[in-house]
Each structure stands twice: as structure tokens, then as C-alpha cells.
Amino acid sequence: MTDKNALWQKGHDQEVQVNQRALIDKVLARYSGEFTVFRELLQNSDDADATNAEIHFNTQAYKDRVKSGTPKQHLKGGSSNYALQNLKTRPLAQWIFRNDGMPFRDQDWDRLKKIAKGNPDEKKIGAFGVGFYSLFSITDEPFVKSEKQWMGFYWKNKGDQLFTRRGELASPPELSPSGKPWTSFEMPLRQPSPLPGLLIDLARFLATSVTFMVNLRDVSVFVDGLRLIQIQKDIGPIHPLSIPNDLNPTSTLNTMVVKTLNSQEISISAHLSRYVHYHSIEKSTGRSKRGPTSFKDLLSPVFTQFASTSRPLTPTEEPQDWTNDEADPLEVLHSSVNLHIYSAGVDVTLEENMINELERATKKKPPSTCSYSLIYSGKNEYPMNRQEEDVFRGLRADVNGSGTARVFIGHATSQSTGIGGHVSARFIPTVERESVDLVNPNVSLWNKELLYIGGFLARSVYDMQMLKIRDTWEQTIGSADPNKLVDHVIPPLLEDQSIHTMRYFSFHATTPSSLVGSEMEAGFFSCAPGGSILLLSTNGVRPAGQVRFYNPKIQVFMKKLPMLPSNVLGRASTMVKVLLNRGILKHVSMDDVLCGLDGYALSEDDMVKCLEWWTTLDGTRVPQSDQQLGLADFLKVASFKLSPSKDGQVEQVVSLASIKFFVSSTNPIPPSSPLPPQTLPPSISKNFQINVLQSTLGWGDLGVVDWIEYLVSPSTVDSLPRDENITRSDVFAEKVLNIVAKTWSILPEDRKRKLIELLDDKAVIPTRKGLKRPKESYFSQGNLFHDLPIVNMPNRTPITGHLEIVGFVSPSSEALFTFVVQQLLEYLGVMKHVEMRIVIERHVHI
């Protein structure tokens, strides 16, 4: 077989033929965005350091008037009416775009005529060398003028091969307002056609386009010499910012690192003639010329958002013809918007092989430094001027995830960011610059590294906003008692700002590439070690590790535990779900409750809420908890402050572990009487069913024996006031004995013996001689001597069937009372008869 090299030596060369017309058509077929021609020319202008640019739409009649020597300055009166008459349908003959950037050099003229020979300057956006050829979508013979030279393009013999002709201008070009010469791109239309869309849409496009432009400050649109649109941009000073110490500024593969952060405010103003809005409304609503008789009538719903240079329109004005001086279509209406742009300065370090591969793909070396910028609109800026006809609609924050926030590569692409604001960076786009290239392996690596930087910048701005909210919180609320900071009193302004920030940086699905959003989101979270993030809680701005998912049943008594406010859950649900899925935000666990209760005494009201929560839980105790704790653990740490019953009384802290009893609603013991310290206060126990307190918490209904044991204990006797002291108040002693009498018959024998033992040596029996011990007291039938301590109940108040002391009872209750009390007193040892020993002793001494 003959060797290929040998065959090659015997062959001959032939030129590869390229159908240039077909090639350009195929390139143009990939451009699908609106106003593509102006997008490319504006970017070229910015790359050329232009500060001013103009777009001119000319009809054939206007061209003829200019050619005949009619002055080109803006016309007045009837001439202006003629220029705008039927403009929505009148065909245009030519577009002209001009900028005052650096005039073309020889290398620029040479590159202009070469398809796919892009700008080699690594600091410029243009790369692929096909942007200029977008002009061929509307014209066959573009004509370029710059300084003293011109170049024209034409299809030789109307074939498929493109040629250029170059020469010297007969006169110097006009100067821009900055005093620099215009570079012009004249585009005689292939087919006469009306304006390319609505003028208001073109104004929106231009307002959006200049946002991230480095040099362009002023763009105007003229129709037959009349300026209808002017977009201006003013920039404020750059404010350096500190790079957050707790965030990692280095990309995943260590090719990019953020070295600087700064913020800058820009102001974009729009100066639109009335006709721009008239053109928009009539064309968008399909109204005919014979519809409304008033130009002003058509515009009344739109003008409310603009301020006029002459006088503002009012809804009550009478309709007038739009050509009338009172409704001058050339009257200029002004509006503006202020935007905050945060930027990261990035150093790039690539291996040589990577540099070569990127240069092969983009026709230029990758930059050694670049920047990444992000627009952030605060809560106060977001709602302004959001009406349908707002010229700045394309710059508004997209906190709803509708996909209107875009990635800018010089100009806006079709790629959404997934967050609330536009971003701009040196991404490498697809050829038509409509999206980020994530297909080419090396280009994809560059873009993914840059997306990490985007996530880092977004996270930095998020943290800055949350820190501002934290500082405001601390200044306005300071060290206020957390018990008073319940959900509904969080300052509404701070809550709204926090929710807005969370929504702004919530990542939604992105199009056309879903990887853009997911990669940037990954950087947003991974740049923070441990994934922590600042969140607004019920106790201020805290790291997410200290904040818990809102649990209303726990929050009402665990006010010191920071939780997401309930409004955040509903209004910032997208980010909340992500935080939960990533394990950054956690539900309240039993450990949280345990730690929160340990060493912190609740109020009685909060203890009611705490016990309600505990007694209604299932076996897992806390949803999604990784630990199940028993009753003993809970009772050990839970405590409450006992409200002082009297002025000057010291507040006491009671541990639930010390509680053994409660007083139910059916208990004969009055809840207002002195109770053992092991008794749950009736103010708490009254909120629960008996079976709940018994079965869930293991407490018992206070019995009379335990109650008596408390009443007669030395510490109680020494501390209780006289009217509540069973050994000092015969009235109180009678009440206690009445209660004991009613329960005596149902007491077990061992409890009866215990009771007798407790009262045996205690002076608790009311007699005519005061309170006496049972064996020192006598029934009335033993009244042999006038000085014997005969039982004498001071009130003789019977007991009702409900075992409460009242002022009236039936005869049957009276008889029962007499019998039961006598039986009790007998068991306690009250004497029926005087002992013979005492009788003898008394007679001996007579």
C-alpha cells in the first residue's frame, strides 16, 4: 500500500471555497435576542471607550430633505408632527449607529473585514469577531465612517462573495457632545420597514444595556432628526469593602481568588418624549388612529409615574388632540432609578495548557484579572416604579423567581441568574452570546470557576445586608428581655428587610442552562465553612446553627431559643426549604429544649404552655429529633418562678422534679389554702385534666393525710400566719377537721393510723379553753367540771355534698356532719368521759 506522505508529495493544492453569504446567514440564524444589531454595536462602542452613542432611524423623505440641504437640527411645530405622523407604519429607509469611541486604526479596519477575527485585547468583551456581521441581518451594504476614512461592504455582482472598498472622507466627521469625532455605521435597509418594535421596549433595552457598560454614559434615539429617547448613566464613587474573613474567596480549583470587594451606586435616567408612550400604548393595544381623541387620554395611566419638564398631566384635564401644543408629543418626561452594584476584583491563575485551550476557543488569551458584578436592590428600592410601562422594568429585582434577572456578558444574555439581581462577569458565552458556554470542557471549567466567584459575591452581599439588620436590631432593641420578644413584636421593618434579602438570594431554576443556578448556589453555601449562614430569628440576627425552624408550641415558652419568625417561613419559603434540605437549619430537638430549660425558670404562664406541649407529644417527644428523652430528664431541668402571693414576698423557683401533687377541681382541699411545696400551683394545674397530670407526669391528687402532714410540720407551724395555722387558729382548725371528716370514711386504714399519729400530740382541737391535743379534749357529755376543755367548734358550719364549707345545708347534711365529725374526733382520741383518776383528784382537792 502506498504511503500517505508519498501520495501527498504528488498532489496539488486547491483553495477551500466558502459561501460567505451562506456563512453569514448561518451565523445570524443563531442570534435570537431582541435588538441584536444595537446590542453588538453598543458593546463595540464600550470596548472602544466611547461615552456617547446615537441611534438614528431615517425615512427616505428625511434623507432626501437632508440631502437637499434642509437643516438637520430638531424641527418644531408642523414639521415635528409630520415627522411622527404614521411613524408606526411608515417604512424606514436607513438606520445609523454612531459612537465617539477611539477612531479606527489600521488593525481595526483590517479586523473589520475578516469574519471571526475577534478583538485580541483580553480586557475587551468582544471575542469571536462576528458581532459586526449582525448588521447583515438588515442590510446588504453597511457603510462605516471613522475619523478621516470610510469602508463600504458589498456583494460583488450580487453574488455570494463579500467585498469591501475603503477610502478617504471628503470632510472631517461631526463631533460628539464630548468633543470627540463620531464613528458611524450606516445601514441602508435591505427592505424598507417600520421601527423595530415598540419605542418603549427599545428604551428599556438601552436602559438595561448601559447598566454594566464600563464607559458608555449617554445613548440617544432619533427618528428623522427628532430625539425621542435619551438614556444617561451617572456613576458614584467606589467604596472599598472588606472581604469577609469567614468566607473562602478561592474558587473550587484554585484558579480564581477574590482580592477586592467594593460597592458603587449608579443612577440611570430616562428622558422620553410623550410620543414614546403614545407609540407604545396605541401599538400594544391595537387602537386605531380614530380611537381616542386625546393623546393625553391615552397616556393618563402611564404619566402618573413620571415628572414632566413643563407641567404634569392631571386625570381631570379635557381631551385634546395630540398634535396640540398642550400635548406636545416631543415634551420630555423624566424618570430615574438608583442601583447598588457590588463588585469583586478577581485574580486568575491558570496552567499553560488551560491558557492555550481557552485562547484557541476564544481567539484571545484569558485575562489575568477580571471582575464580577451584581446588582442588589434593597427592600425600599424594590417596589418603586413597578408599573407595566416602567422604562426600568428590566432592572427590577426578581424576588419571585420569574427568571427576569439575567447574566450579562457585556450585554444581557438569555441566561437567567436564578437570584433576584442581574450579574455581569467575563463568562465565555456561546458564539451568539445568548448563554454561558458549559459544553466545551475547558470553557466550561472557566465558567464554573467564575460561577463560584458569583456565589461568593452573592453570599458576601447577603451577609452584609444581614449584618446591617443585626446592627439596627441591636441599636433599637439592644439587650431587651428575650421573654418580651415574641414573634409578633419583631420590628416589621427589620423583618421585611430580612425576608427581602432571603428572597433576593434564593436560588431558583435557571434557563437555558440549569447548571448556572446550581453552580452559583453551590458556591453561595460552600464558601462558608460548615455552611453556616446568618438568619433573622425571634432574638435577632444569629448564625443558622443557633436558629431553629419555627415551632409555635415551643416558642411560646422557649423565648430565649432563637427561631425563624413565622412570617419568614411563608414569605421566604424557597430559601427555608434549601436550608432544611442542606441540614443548615434544623428543627427544635429535645436537646434544644433541655438546654433551654436548664438553669432558666419559666413564669407560671409559660410553664402552662410548656406542660401543654409535653403532655400532647407522642412517643418521639420532638418531631425529627435524633434523641428521645424520658420524663425524668424533662422534669429534672424544667422549673418555674412561683409568683409572690403577697407584697414583699421573695420570688421562689420550683423545679418540676420536686413536684409530687396537684389539687384537682374535685379535691376537698381548698386550692387557696396552704399547700405543700411539692404541690403544683393551682394556677397551673387548673389547665389540665386529672388523668393527664397523673398518667403523663406521674403526679397525684393531694390527699388529706399529706396535707395534714405539711400543716403540722414544725417548719410550717413556724412560718404560716395565724389565720392559716392549724395550731393557732381555731377557725382554720375547724375547717381542716371538716375536710378530714368528709374523707375519713374512704381513707385506707394505714392512712387513718398515719393521720392519728400526726395529730396525736398536736393542739388542733378547738375547745372552750382554746386549741388542745385530742386526748386533752372532751365531748360535751363529759362536762363534769366547768373548766374542762370541751370541744367547741367556733362556726359549727356543716359540709355540703361537694365537700365545701358553705352557709346552708339540708338537715340530712347536718346529721351527717354531726356523726362524721364525732366519729373522727373519737378516732383522734377526744374523750367522751372524764377519767376516774381525774374525778378523784378533783374531789381530793375540794
| request: Report the residue from Val219, Val332, Val276, Ile200 that forms a side-chain contact (heavy atoms from CB on, under 4.5 Å) with Ile229. | output: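 The option that passes is Val276.
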At their closest point, which heavy atom of [X] faces which heavy atom of [Y], and how far apart are they?
{"X": "Gln415", "Y": "Val436", "value": "CG-CG2, 4.3 Å"}
{"X": "Gln264", "Y": "Gly236", "value": "NE2-O, 2.8 Å"}
{"X": "Ile554", "Y": "Met563", "value": "CG2-CE, 3.7 Å"}
{"X": "Ala412", "Y": "Arg406", "value": "CB-CB, 4.4 Å"}
{"X": "Met575", "Y": "Ser506", "value": "CB-OG, 3.3 Å"}
{"X": "Ile409", "Y": "Gln43", "value": "O-OE1, 4.2 Å"}

Has the side chain of [X] got a donor or acceptor atom that lies under 3.5 Å from a matching backbone atom of [Y]?
{"X": "Ser526", "Y": "Ala522", "result": "yes"}
{"X": "Asn687", "Y": "Ser683", "result": "yes"}
{"X": "Ser251", "Y": "Glu449", "result": "no"}
{"X": "Asp398", "Y": "Gly403", "result": "yes"}
{"X": "Asn400", "Y": "Ser402", "result": "no"}
{"X": "Trp613", "Y": "Val556", "result": "no"}
{"X": "Thr417", "Y": "Ile419", "result": "yes"}
{"X": "Asp46", "Y": "Met213", "result": "no"}
{"X": "Ser498", "Y": "Glu495", "result": "no"}
{"X": "Asn215", "Y": "Thr51", "result": "no"}

[Y] side chain reached by [X] side chain, heavy atoms, under 4.5 Å:
{"X": "Pro240", "Y": "Thr260", "answer": "no"}
{"X": "Lys448", "Y": "Leu253", "answer": "no"}
{"X": "Asn447", "Y": "Val516", "answer": "no"}
{"X": "Cys610", "Y": "Leu597", "answer": "yes"}
{"X": "Val576", "Y": "Leu585", "answer": "yes"}
{"X": "Glu612", "Y": "Phe688", "answer": "yes"}
{"X": "Phe205", "Y": "Leu42", "answer": "yes"}
{"X": "Met607", "Y": "Phe557", "answer": "no"}

| message | I'd like to know whether the aromatic ring centres of Phe524 and Phe507 sit less than 6.0 Å apart in this structure. | response |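 When the ring centroids of Phe524 and Phe507 are compared, they turn out to be within the sub-6.0 Å range.
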List for me each residue that meets ring-ring contact (aromatic ring centres under 6.0 Å, His included) alongside [X], sequence neighbours excluded, and say none if there are none.
{"X": "Phe212", "result": "Phe408"}
{"X": "His271", "result": "His334"}
{"X": "Tyr376", "result": "Tyr504, Phe505"}

| request: Check the pair Val210, Ile268 against side chain to side chain contact (heavy atoms under 4.5 Å, CB included), reporting the backbone distance first and the verdict last. | output: CA-CA 8 Å; Val210 301; Ile268 300 177; 4.3 Å; yes
Mind checking the [atom1]-[atom2] spacing from [X] to [Y]? Nearest 0.5 Å is all I need.
{"X": "Leu602", "Y": "Lys560", "atom1": "CG", "atom2": "NZ", "value": "10.5 Å"}
{"X": "Ile499", "Y": "Gln497", "atom1": "CD1", "atom2": "CD", "value": "11.0 Å"}
{"X": "Asp591", "Y": "Cys595", "atom1": "CG", "atom2": "SG", "value": "5.5 Å"}
{"X": "Leu467", "Y": "Leu534", "atom1": "CG", "atom2": "CG", "value": "5.5 Å"}
{"X": "Lys233", "Y": "Ser336", "atom1": "NZ", "atom2": "OG", "value": "15.0 Å"}
{"X": "Leu261", "Y": "Ser371", "atom1": "CG", "atom2": "OG", "value": "11.5 Å"}

| request: Begin with the C-alpha distance, continue with both residues' side-chain angles, and end with the deciding distance and a verdict on side chain to side chain contact (heavy atoms under 4.5 Å, CB included) for Glu474 and Val541. | output: CA-CA 9 Å; Glu474 293 178 351; Val541 175; over 6 Å; no
| field | Residue pairs fulfilling side chain to side chain donor-acceptor pair (under 3.5 Å) with at least one residue in residues 337-347, sequence neighbours excluded | value | Glu265-His340, Ser267-Asn338, His340-Glu381, Tyr342-Gln465, Ser343-Ser373
| field | Sequence-distant partners of Asp592, salt bridge (charged side-chain N to carboxylate O under 4.0 Å, His left out), two or more places apart | value | Arg548
| request: With sequence neighbours left out, write down each residue that passes salt bridge (charged side-chain N to carboxylate O under 4.0 Å, His left out) with Asp437, or none if nothing qualifies. | output: none
| With under 30° as parallel and over 60° as perpendicular, where do the rings of Phe549 and His587 fit, or are they tilted in between? |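 The arrangement is tilted - the two ring planes meet at 30° to 60°.
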| task | Take Leu247 and Asp463 through the side chain to side chain contact (heavy atoms under 4.5 Å, CB included) test and state the conclusion after the steps. | result | CA-CA 10 Å; Leu247 300 182; Asp463 284 358; 3.8 Å; yes
| For Tyr452 and Tyr372, what are the C-alpha separation, side-chain angles and deciding distance, and is it a ring-ring contact (aromatic ring centres under 6.0 Å, His included)? | CA-CA 11 Å; Tyr452 174 91; Tyr372 197 117; over 10 Å; no
| Between Asp218 and Gln230, does any side-chain donor sit less than 3.5 Å from a side-chain acceptor? |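 Per modelled atom types, Asp218 and Gln230 side chains form a pair under 3.5 Å.
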| Is it true that Lys468 and Asp471 make a salt bridge, defined as a side-chain N closer than 4.0 Å to a carboxylate O? | no
| task | Would you please test Leu564 and Leu569 for side chain to side chain contact (heavy atoms under 4.5 Å, CB included) and show each step? | result | CA-CA 7 Å; Leu564 278 184; Leu569 301 185; 3.8 Å; yes
| request: Could you walk me through whether His411 and Ser209 pass the side-chain hydrogen bond (donor to acceptor under 3.5 Å, both in side chains) test, one step at a time? | output: CA-CA 6 Å; His411 273 280; Ser209 296; 3.1 Å; yes
